[in-house]
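Read through the structure below, which is laid out as structure tokens, and then see the notes.
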Number of protein chains: 2
Amino acid sequence: MNPPKLARVIDIRALKSACSNCSLREMCLPIGLSQDEMDKLDQMVYTRKRVKRGDSVYRSEEKFGSLYAIRSGFFKTTLVMEDGRDQVTGFHMAGDMLGMDGIGSDQHSCNAVALEDSEVCVIPYGRLEELSREMYVLQQHFHKVMSREIVREHGVMLLLGSMRAEERLAAFLLNLSQRFTSRGYSASEFNLRMTREEIGSYLGLKLETVSRTFSKFQEDGLIGVQQKNIRILDSEGLKSVLGRDPA
Amino acid sequence: MNPPKLARVIDIRALKSACSNCSLREMCLPIGLSQDEMDKLDQMVYTRKRVKRGDSVYRSEEKFGSLYAIRSGFFKTTLVMEDGRDQVTGFHMAGDMLGMDGIGSDQHSCNAVALEDSEVCVIPYGRLEELSREMYVLQQHFHKVMSREIVREHGVMLLLGSMRAEERLAAFLLNLSQRFTSRGYSASEFNLRMTREEIGSYLGLKLETVSRTFSKFQEDGLIGVQQKNIRILDSEGLKSVLGRDPA
DNA sequence: CGGAAATGTTGATGTGGATCAAACCAATTC
DNA sequence: GAATTGGTTTGATCCACATCAACATTTCCG
């Protein structure tokens with residue numbers, strides 16, 4: 001018999017699956033929860049799901065049932081038009097929430113595709129509703145998450161509607177950098193998980209334009225580009241691209 | 001003494017201000033409420049506010065406190081960049097909800113400006129939170145409203161990111177027509193409340209392009225345009241502009 | 001009412017980014 | 001390690017929409 005060893009195994013599994021011990025807690029969950037509340041929340045997420053690169057968590061038209069908190073990995077969400085054109089509507093990383101598009105019509109309205117092997121926490125929507133009726137902080141947090149998604153999309157509209165190619169790409173890089181930073185990664189060096197074409201789709205540009213603009217930024221000493229590896233060499237310079245005259 | 005007259009006066013006021021008697025009820029509120037629930041809701045909205053053409057319900061950076069249900073009139077929401085460029089992020093009409101952008105950061109992130117003399121119902125956000133913890137249908141409804149706003153913005157991203165000028169304007173007109181229809185107005189004739197410039201801003205086009213494209217649609221017999229008055233003559237034709245080859 | 005300011009239309013011309021095309025490069029696969 | 005594949009870069013050319021400009025129409029307001 002070897003009870004200590006067995007106990008240890010169980011501990012590790014509990015540790016692994018509990019929201020209360022998740023390193024992304026402060027992204028997904030409200031802060032300042034009591035132990036009691038935390039316990040309840042741990043029950044909310046009872047499934048995790050691995051999603052391989054290229055696979056999707058959900059697809060447009062599919063029945064909506066759950067939200068998905070990204071535990072690890074990287075996703076894009078896309079809309080597809082009848083004629084095949086498609087539009088990337090967002091890039092999503094650990095701590096982000098996917099699936100809120102489905103609530104309004106009870107079916108999803110976009111595809112959520114993994115750009116690398118990823119893992120999501122499945123949050124049954126009915127359960128979330130229930131708990132957020134009981135827990136004020138959860139309700140509040142969830143509303144904030146949805147609201148921020150609305151604001152994020154406002155920003156994209158501004159970008160698509162009013163900015164020139166260089167501005168769009170600069171804004172894109174700064175936004176990525178900021179999001180990596182807030183997750184504890186380097187602000188100045190990261191790997192893109194998406195192709196030039198996907199960036200282009202998101203920014204309303206063609207992939208050639210994205211590529212050319214990367215090269216231009218490189219020539220100007222703003223960034224270093226080597227395929228998917230990006231180093232931000234002059235973030236102030238990048239910021240000043242925003243709102244600069246076409247010069 | 002004249003009690004009947006007095007009673008009548010009170011009745012009219014109650015009638016006027018109650019959600020339960022509002023003709024837009026089915027847009028703002030969940031359906032299938034009990035009398036008891038309806039009574040509670042009537043207490044939620046205890047202020048209305050007139051907003052004159054050109055005035056705003058709230059402005060960017062302002063502290064967030066309430067949502068606003070449009071009772072009558074027409075609004076635009078806009079973002080302004082430091083350099084003055086501004087982007088219209090939406091047009092909003094009776095039954096629509098304004099202000100959800102403010103929840104996430106506790107301050108508004110856009111301006112909501114009346115395009116004609118309008119009236120909004122002020123919904124104190126704290127009260128909405130409270131009530132939606134008590135009433136499942138209200139919670140559900142509110143979440144749907146937010147989710148639909150996210151989906152609407154997805155649609156705008158598709159439009160801005162992947163469509164050509166004619167497609168954008170056709171989509172815009174069809175969307176307006178559909179929204180007027182669902183409010184009981186004519187699908188085929190309506191007055192634009194916004195300028196060509198505002199349409200252009202929303203669609204990521206210059207006002208001249210909007211004007212030219214209107215003229216083109218008119219030549220093609222798709223619509224009749226007379227300043228702000230629009231008649232849709234061939235809605236199928238308009239639909240077929242979407243996703244058609246640049247031809 | 002009348003004159004000024006907004007708003008809208010239309011034409012002529014310019015240009016940023018799209019399109020077309022050809023290499024190039026890195027990662028698999030056999 | 002040659003061949004294939006998916007992605008990226010770069011050049012040459014084109015075009016949809018922007019810009020500039022002149023004028024028409026409507027709205028505003030003293």
Side-chain angles (χ1 to χ4, degrees), chain A residues 52-54 74 76 85-88 113 115-117 159-172 191-220 223-230 241 244-247, chain B residues 52-55 76 85 87-88 113 115-117 159-173 191-220 223-230 241 244-247:
Chain A
K52 294 192 84 67
R53 176 192 158 98
F74 208 93
K76 66 172 176 182
R85 272 180 287 181
D86 81 329
Q87 172 71 29
V88 172
V113 181
L115 295 179
E116 62 185 25
D117 291 356
L159 183 146
L160 289 171
S162 316
M163 294 188 187
R164 287 164 307 97
E166 289 188 19
E167 295 180 292
R168 294 184 198 191
L169 202 63
F172 172 73
N191 285 317
L192 300 173
R193 279 74 199 259
M194 68 297 274
T195 67
R196 303 290 191 258
E197 184 167 25
E198 286 160 336
I199 298 173
S201 170
Y202 182 61
L203 299 179
L205 302 170
K206 291 287 139 178
L207 69 95
E208 293 95 328
T209 305
V210 173
S211 180
R212 275 184 241 275
T213 309
F214 272 141
S215 301
K216 168 94 168 27
F217 283 172
Q218 176 149 258
E219 281 164 32
D220 295 352
I223 63 174
V225 191
Q226 196 129 20
Q227 300 291 131
K228 308 232 152 177
N229 180 272
I230 301 281
V241 168
R244 180 167 52 216
D245 242 58
Chain B
K52 294 194 83 68
R53 176 193 158 97
D55 287 353
K76 67 172 176 182
R85 272 180 286 183
Q87 172 70 29
V88 172
V113 180
L115 296 180
E116 62 185 27
D117 290 356
L159 182 145
L160 290 172
S162 314
M163 295 187 187
R164 286 165 308 98
E166 289 188 18
E167 296 181 293
R168 294 185 198 189
L169 202 62
F172 172 73
L173 289 175
N191 285 316
L192 299 173
R193 279 80 202 253
M194 67 297 273
T195 66
R196 304 291 191 260
E197 184 167 26
E198 285 160 337
I199 297 173
S201 171
Y202 182 60
L203 300 178
L205 302 170
K206 290 289 138 176
L207 70 97
E208 294 95 328
T209 304
V210 173
S211 180
R212 276 184 242 274
T213 309
F214 272 141
S215 302
K216 168 98 170 24
F217 284 172
Q218 177 150 257
E219 281 163 33
D220 296 352
I223 62 174
V225 191
Q226 197 130 18
Q227 301 291 133
K228 308 231 152 177
N229 180 270
I230 300 281
V241 168
R244 177 166 56 217
D245 239 58

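We name chains A, B, ... by the order of the sequence lines, and we start the count at 1 in each one.
Rounded to whole Å, the distance from CD on Gln226(B) to P on dT27(D) is 11 Å. Note: CG (Leu115(A)) to C1' (dG7(D)) measures 14 Å, nearest angstrom. In this entry the distance linking CZ of Arg164(A) with P of dT19(D) reads 10 Å, nearest Å. Rounded to an integer number of Å, the gap from Arg244(B) CZ to dA16(D) P is 14 Å. Across the protein-nucleic acid pair, Arg53(A) atom CZ and dA27(C) atom P stand 12 Å apart, rounded to whole Å. Arg85(B) has its CZ atom 10 Å from the P atom of dT19(D), to the nearest Å. Between Leu169(A) atom CG and dG17(C) atom P there is a gap of 11 Å when expressed in whole angstrom units. The CD atom of Glu198(A) sits 8 Å away from the P atom of dG7(D) (whole-angstrom rounding).
Distances from the side chain of Gln227(B) to the nucleotides dG8(C), dA21(C), dA21(D) place dG8(C) closest. Of the candidates dG17(C), dC20(D), dT10(D), dT10(D) carries the atom nearest the Glu208(A) side chain, counting heavy atoms from C-beta on. The side chain of Arg196(B) lies closest to dG8(C) when the candidates are dA18(C), dG8(C), dC17(D). Checking dT9(C), dA12(D), dG17(C) against every side-chain atom of Leu207(B), the shortest atom distance belongs to dT9(C).
At a cut-off of 3.5 Å, with distance as the only test, a side-chain donor of Gln87(B) or Ser162(A) sits close to an acceptor on the other residue.
Side-chain N/O atoms of Thr209(A) include none lying less than 4.0 angstrom from OP1 or OP2 on dG16(C). Proximity of Ser215(B) to the phosphate of dT10(C): a side-chain N or O atom is located under 4.0 Å from OP1 or OP2. Listed pair Lys228(B) / dT26(D) fails the phosphate criterion, with no side-chain N or O lying under 4.0 Å from OP1 or OP2. Remark: Ser211(B) is in phosphate contact with dT9(C), judged by side-chain N or O atoms under 4.0 Å from OP1 or OP2.
Contact annotation for Gly204(B): backbone-only contact, meaning every heavy-atom pair under 4.0 Å involves sugar-phosphate atoms and none involves a base.
If Lys206(A) and Arg212(B) are placed on DNA chain C by their nearest nucleotide, the residue sitting closer to the 5' end is Arg212(B).
Salt-bridge check for Lys216(B) with Glu219(B): failed, with every basic side-chain N at 4.0 Å or more from each acidic carboxylate O.
Judged purely by atom type and a 3.5 angstrom limit, Arg196(B) has no side-chain atom pairing as donor or acceptor with the backbone of Val210(B). Distance alone, capped at 3.5 Å, places no donor-acceptor pair between the Glu197(B) side chain and the Leu207(B) backbone.
Shown here for Leu115(B) and Arg193(B), the closest heavy-atom pair between the two residues is CB-O, 3.8 Å.
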